[in-house]
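Down below is the structure, laid out as structure tokens.
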Amino acid sequence: MALERTFSIIKPDATERNLTGSINAVIEAAGLRVVAQKRIQLTRTQAETFYAVHSARPFFGELVDFMISAPVVVQVLEGENAIAKYREVMGATNPENAAEGTIRKLFAKSVGENSVHGSDSPEAAQVEIAQFFAGNEIVG
Ligand code: UDP
């Protein structure tokens, strides 16, 4: 299996509680490498573009408001099978259903304020990484 890259966001509920380092510790313990990272304040337009696939869902407005409520940390993670691996490390969307030891089980507050995002396919990873990082900002 070749090295793969995925896109991650440490969400506002986590940055507000000073959990960036704790979440990175779980990521690194799982064998994923942080090969790009920056802390930014998303604009409303950036958040709407990022979650455009959910624009018709009833929670969209709340989700966008949440994503711009505090800074986020955007990241590129690299490793064997990184996309599926990170989804496993994140845990289920709703922390009540997340497995023990996953980031969402450990830290998420609710199904909406669930601490992290991770790409769900190679196509999504490519689009999401390109939304936030120039090629020369990713150092593997
Ligand atoms: N979300 C929400 N309410 C829901 C489902 C999802 O607020 O009922 C939010 C939540 O922050 C989630 C994001 O929308 O992480 C994207 O949803 P998706 O189903 O893609 O889950 P994920 O891929 O993040 O596990």
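Reckoned from all heavy atoms, side chains included, excluding hydrogens, waters and symmetry mates. Treat the numbers as computed from the prediction; the structure is a model and nothing was measured. Remember, it's 1-based here, ligands and their atoms both numbered in the order they're listed.
Around the CD atom of E62, the shell of radius 6.0 Å holds no more than 12 heavy atoms that belong to other residues, nucleotides or ligands.
Between Y51 and H117, the ring planes lie perpendicular to each other; the angle is over 60°, past the 30° to 60° tilted range.
Relative to the six-membered ring of F107, K11 misses at least one condition, a distance below 6.0 Å or an angle of at most 45° to the axis.
The CG atom of L32 sits 13.0 Å away from atom CZ of R5, with the distance rounded to the nearest 0.5 Å. The structure places CZ of F50 at 9.5 Å from CG of L63, a figure rounded to the nearest 0.5 Å.
If you look at ligand 1, the protein residues with a non-hydrogen atom under 4.0 Å away are K11, Y51, H54, F59, L63, R87, T93, R104, V111, G112, N114.
Remark: D120 engages no residue in a salt bridge (charged side-chain N to carboxylate O under 4.0 Å, His left out) (not counting sequence neighbours).
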